[in-house]
Student: 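Here you go, one structure.
Residues take their numbers from the sequence shown, with the count starting at 1. Quantities reported herein were computed from a predicted structural model and do not represent experimental measurements.
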Amino acid sequence: HVQLVESGGGSVQTGGSLRLSCVASTDTITGYRMAWFRQGPGKEREGVAGINKDGTTSYKDSVKGRFTISRDNARNTLYLQMNDLKPDDTAMYYCAADLSEDVPLWVALELGTDFEYGGRGTQVTVS
């Protein structure tokens with residue numbers, strides 16, 4: 001069982017930046033596909049960005065060019081750099097991980113059901 005702990009959320013003004021981190025309680029995250037999801041007030045959970053074991057990435061259209069997902073396998077940490085934040089980015093952000101890459105990453109982000117492990121989230125508020 002892998003535990004994921006997110007941090008780095010907070011309150012920022014429109015146009016500001018935040019960097020989210022997700023630390024995994026495992027020997028290494030090298031073998032895991034990882035992703036960030038979010039759920040805003042009154043909205044459904046949605047995939048924001050994902051990164052495969054080989055480092056290839058996929059993003060939700062509305063965050064392309066503003067968000068960057070990255071992974072530091074040596075530190076067992078996943079990151080999400082968020083720039084030019086907008087009020088619509090306000091949400092609880094969750095980290096997710098899965099050993100499998102049996103569906104394309106963009107499909108996994110759309111479905112949101114292909115990740116076995118998830119964290120408790122970190123709140124991002126943009127005003």
Student: Sub-3.5 Å donor-acceptor pair from the side chain of Glu6 to the main-chain atoms of Cys95, do we have one?
Tutor: yes
Student: Report the distance from atom OG of Ser7 to atom CG of Leu20, rounding to the nearest 0.5 Å.
Tutor: 8.0 Å
Student: Looking at Val23, is its backbone amide N or carbonyl O close enough to the side chain of Asn76 to form a donor-acceptor pair, meaning the two atoms are under 3.5 Å apart?
Tutor: no
Student: Are the side chains of Met34 and Arg71 in contact, using a 4.5 Å heavy-atom criterion?
Tutor: yes
Student: Taking the side chain from Lys53 and the backbone from Leu99, do they hold a donor-acceptor pair closer than 3.5 Å?
Tutor: yes
Student: Can you tell me if Arg66 and Asn83 form a side-chain donor-acceptor pair at under 3.5 Å?
Tutor: no
Student: Return the OG1 to CZ distance between Thr90 and Arg38, rounded to the nearest 0.5 Å.
Tutor: 9.0 Å
Student: Mind telling me whether Tyr32 and Tyr117 have parallel, tilted or perpendicular rings, with 30° and 60° as the class edges?
Tutor: perpendicular
Student: Kindly compute the distance separating CG (Asn52) from CD (Glu101), expressed to the nearest 0.5 Å.
Tutor: 4.0 Å
Student: Please answer whether the main-chain N or O of Gly112 pairs with a side-chain N or O of Arg45 as donor and acceptor at a distance below 3.5 Å.
Tutor: yes
Student: Look only at the side chain of Ser127 and the backbone of Gln13, and say whether a donor-acceptor pair between them is shorter than 3.5 Å.
Tutor: no
Student: Are Met92 and Phe67 grouped together when hydrophobic residues (ILVMFWY) are joined by side-chain heavy atoms under 4.5 angstrom apart?
Tutor: no
Student: Rounded to the nearest 0.5 Å, how far apart are CZ of Arg75 and CD1 of Ile29?
Tutor: 11.5 Å
Student: For Ser17 and Gln81, which heavy atoms make the closest approach, and how far apart are they?
Tutor: CB-NE2, 4.1 Å
Student: Is there a path of hydrophobic side-chain contacts, each under 4.5 Å between heavy atoms, that joins Val48 and Met82?
Tutor: yes
Student: Do Lys64 and Asp61 meet the salt-bridge criterion of a basic N to acidic O distance under 4.0 Å?
Tutor: yes
Student: When rounded to the nearest 0.5 angstrom, what is the spacing between CG in Leu111 and CH2 in Trp106?
Tutor: 8.5 Å
Student: Does the side chain of Leu78 reach to within under 4.5 Å of the side chain of Leu80, using non-hydrogen atoms?
Tutor: no
Student: For Tyr94, does the six-membered ring have the charged nitrogen or CZ of Arg120 within the cation-pi criterion, i.e. under 6.0 angstrom from the centroid and within 45° of the normal?
Tutor: no
Student: Same cluster or not: are Phe37 and Tyr79 linked, directly or through other Ile, Leu, Val, Met, Phe, Trp or Tyr residues, by side-chain heavy atoms under 4.5 angstrom apart?
Tutor: no
Student: Can a donor-acceptor pair be found, under 3.5 Å and without considering hydrogens, that links the side chain of Ser25 to the backbone of Gln3?
Tutor: yes
Student: What are the two closest non-hydrogen atoms of Val124 and Leu18, and how far apart are they?
Tutor: CG1-CD1, 3.9 Å
Student: Between Val63 and Lys60, is there a side-chain heavy-atom distance shorter than 4.5 Å?
Tutor: yes
